[in-house]
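Worksheet: one structure, shown below.
Heavy atoms only: backbone and side chains are in, while hydrogens, waters and symmetry mates are out. Protein chains get the first letters and strands the later ones, always in sequence-line order, with residue 1 at the start of each.
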There are 2 protein chains.
Amino acid sequence: MPKHYEQYCPVAHALERVGERWSLLIVRELLKGPKRYTDLSAALPGIGTNVLAARLKDLEAAGVLAKRRLPPPAPAQVYELTAYGLALKNVVRELARWGLQSMPAPGNDDQLAPGWLPDALDTLFAPVAPEGSFEFRIGDEVAALVDGEVAPGPAEHPDVVLEATPAAFYFLFTERRWDGVEVEGDRELLERVLDAAAPVDATVAA
Amino acid sequence: MPKHYEQYCPVAHALERVGERWSLLIVRELLKGPKRYTDLSAALPGIGTNVLAARLKDLEAAGVLAKRRLPPPAPAQVYELTAYGLALKNVVRELARWGLQSMPAPGNDDQLAPGWLPDALDTLFAPVAPEGSFEFRIGDEVAALVDGEVAPGPAEHPDVVLEATPAAFYFLFTERRWDGVEVEGDRELLERVLDAAAPVDATVAA
DNA sequence: CCGCATCCCCAAAGATACTG
DNA sequence: CAGTATCTTTGGGGATGCGG
C-alpha cells in the first residue's frame, strides 16, 4: 500500500510499511532467521516472483530488512531483518494469538510446516513466560520451554515431558481435552501453566 | 484479501480476516466504542464509501463486528466489535508501538484527532501498567493514568501532573528531552515510569 | 540453478454520482 | 443517513524470459 493513509496515527503509519499483502508473512519467515530469495518463495506458497521481489524491495527501503552477501565460499545472498524489523516480533505474535482463536484443528495429514513447534510454543507461552522446564514432543517435532525460553530439540532435565499428536495438542489447548496426551513428570505444573496461558478460546462465529 | 494464503498458520489465518487495507483501521476506531457508518467514514479520511461498506460486510461476516439498531427513540444503527473483535486490541496496540518508532514529531498544527491522548497513553503504558496516579495535559487534551488504567479527563488526586505541547510530549518519549515539559508533584516517579515504558527508540533508516 | 524483470489479465481499491 | 451503482486506476497472480 504505497498509498498513504493521510493520518497522524501510529497504527496507520505501521500499516503503511508492513500492511500490504504478504509483507507480514515475509517478516514471519525472516523472524526464524535469514533466508534466501528462493527459500522465501518456497515458504510462501503462491506469492509470485514479481510480488516477492517488490515486497523485498519495499521492506528494504523501509529499513525492515537488509540484503546481505554471504562470504565468497558460498555465493549466495540472504535477506535478514534489521533491528527495526525484529521489533515486529510482538506484532506477529499477537496476530498469531488472535488467529489461533479461529484456527481449525490440524488434520492428521501433513499440513504442518517443519519447525512449526517452537513458533507455536512461543505464541502460546511467551506472554506468560512460565517458570520450569518443559519438553514437548508433538508429531515428529521436539522442542523445549525452559524458564520461558523456547528452543528446538529436547530439554536437558525437563520437569515435564508432554507427548501428543498435533490434533491432541490442539484440543488440549482449546478444550482442555487430555485424550491422546501422554505426560511424564510434574503434571500439576503443566496444568498450572496451561491455565496461565489460557487465551485460546476458539469462540468464534465464522 | 479474500484470496487465501493456503497455509496452516495462525498469522496467515489472522491476515485473511483483518489483513486487507483499512480493516485494522476500522477496528482501531471501533475499539474506542460503537460508531455509526458516517462517523466511521469521517474518521477514515479517503476511504471511499464503497470500500467502507465492503469492509464492514466482510468484518461482520468474519464475526469481528456486529451491526446493531439503537432503540426506537434514536433511529440509528451502529457498528460495534464483538468479543472476538475486541481481542484484536493487543494486535492494534503492538502495531501502534511499532509504528511509534518511526513516527515524525507532530507538527504544531492540528493534525491530532480529538481523543488521541488516551489512545497514546494506552499504547505507551499498557504493557508496563505502572503503579501510581498520573495526569497528562497535552495540548488541549487531558487524560489520567491510574494504576495502569487509562481514562479521559483529569485524575482524582494525581501523584504527578505533566503538562506539555504534543511536540514536547513526543520529544520527552523519544529523546528524554524535558524542554517545554512542566511537571507538578512526584517527578521521580514519572521518570521511573518513563524508563520502564522505554520502547520508543525512533532508530530507523527510512 | 538463483535472482529477479517483463508482460498480460483480472480483481480490488479510488473517486464520484446517485438513491431508498 | 446509509449505503449502492458505475467508472477508472492500481496492484496482485501467473507465466515466461534472461543475465550471472
Side-chain angles (χ1 to χ4, degrees), chain A residues 1-7 12 15-30 33-62 64-80, chain B residues 1-7 12 15-27 29-30 33-62 65-80:
Chain A
M1 313 170 182
K3 206 65 178 305
H4 278 207
Y5 283 115
E6 309 294 351
Q7 280 192 83
L15 289 174
E16 283 168 10
R17 275 150 193 79
V18 295
E20 297 177 86
R21 189 160 160 78
W22 296 108
S23 290
L24 279 174
L25 293 183
I26 293 173
V27 170
R28 179 203 65 185
E29 283 307 309
L30 293 183
K35 280 209 167 58
R36 291 180 306 170
Y37 185 93
T38 313
D39 297 332
L40 283 172
S41 185
L44 271 12
I47 190 178
T49 67
N50 54 345
V51 178
L52 177 55
R55 288 295 169 277
L56 289 172
K57 198 167 294 183
D58 294 345
L59 291 172
E60 187 177 7
V64 171
L65 54 81
K67 201 186 302 190
R68 185 161 56 98
R69 262 181 197 294
L70 290 186
Q77 61 183 330
V78 293
Y79 293 89
E80 64 184 346
Chain B
M1 316 168 182
K3 205 69 178 304
H4 277 209
Y5 283 116
E6 309 297 350
Q7 281 193 82
L15 290 173
E16 283 168 10
R17 275 149 192 79
V18 295
E20 297 177 86
R21 189 160 160 78
W22 296 109
S23 289
L24 279 173
L25 293 183
I26 293 173
V27 170
E29 283 307 310
L30 293 182
K35 280 210 166 60
R36 292 180 305 171
Y37 186 93
T38 313
D39 298 331
L40 283 172
S41 185
L44 271 12
I47 190 179
T49 67
N50 52 351
V51 177
L52 177 55
R55 288 293 167 278
L56 289 173
K57 199 167 294 185
D58 294 344
L59 291 172
E60 187 177 7
L65 55 80
K67 201 186 302 190
R68 183 162 57 99
R69 270 189 186 290
L70 292 185
Q77 59 185 328
V78 293
Y79 293 89
E80 64 184 345

Closest nucleotide among dG3(D), dA2(D), dT6(C) to the N50(A) side chain: dT6(C)
Closest non-hydrogen atom pair between Y37(A) and T49(A), with its separation: OH-O, 2.8 Å
From dG14(C), dG3(D), dC2(C), nucleotide with atom closest to W22(B) side chain: dG14(C)
N or O in side chain of K67(A) less than 4.0 angstrom from dC4(C) OP1/OP2: yes
Sugar-phosphate only, base, or nothing, as touched by L52(B) at under 4.0 Å among non-hydrogen atoms: nothing
Touch class at under 4.0 angstrom, heavy-atom based, for T49(A) against every strand present: base
Options dG13(D), dG3(D), dC4(C), nucleotide nearest the side-chain atoms of Q77(B): dG3(D)
N or O in side chain of Y79(B) less than 4.0 angstrom from dG3(D) OP1/OP2: yes
Side-chain N or O of R55(B) closer than 4.0 Å to phosphate OP1/OP2 of dA13(C): yes
Nearest to side-chain heavy atoms of T38(A), which nucleotide of dC2(C), dG3(D), dC4(C): dC2(C)
Contact summary for W22(B) and G46(B), nearest pair of heavy atoms: CZ2-O, 3.7 Å
Side-chain N,O (K57(B)) to OP1/OP2 (dT4(D)) below 4.0 Å: yes
Any R21(B) side-chain N or O less than 4.0 Å from OP1/OP2 of dG14(C): yes
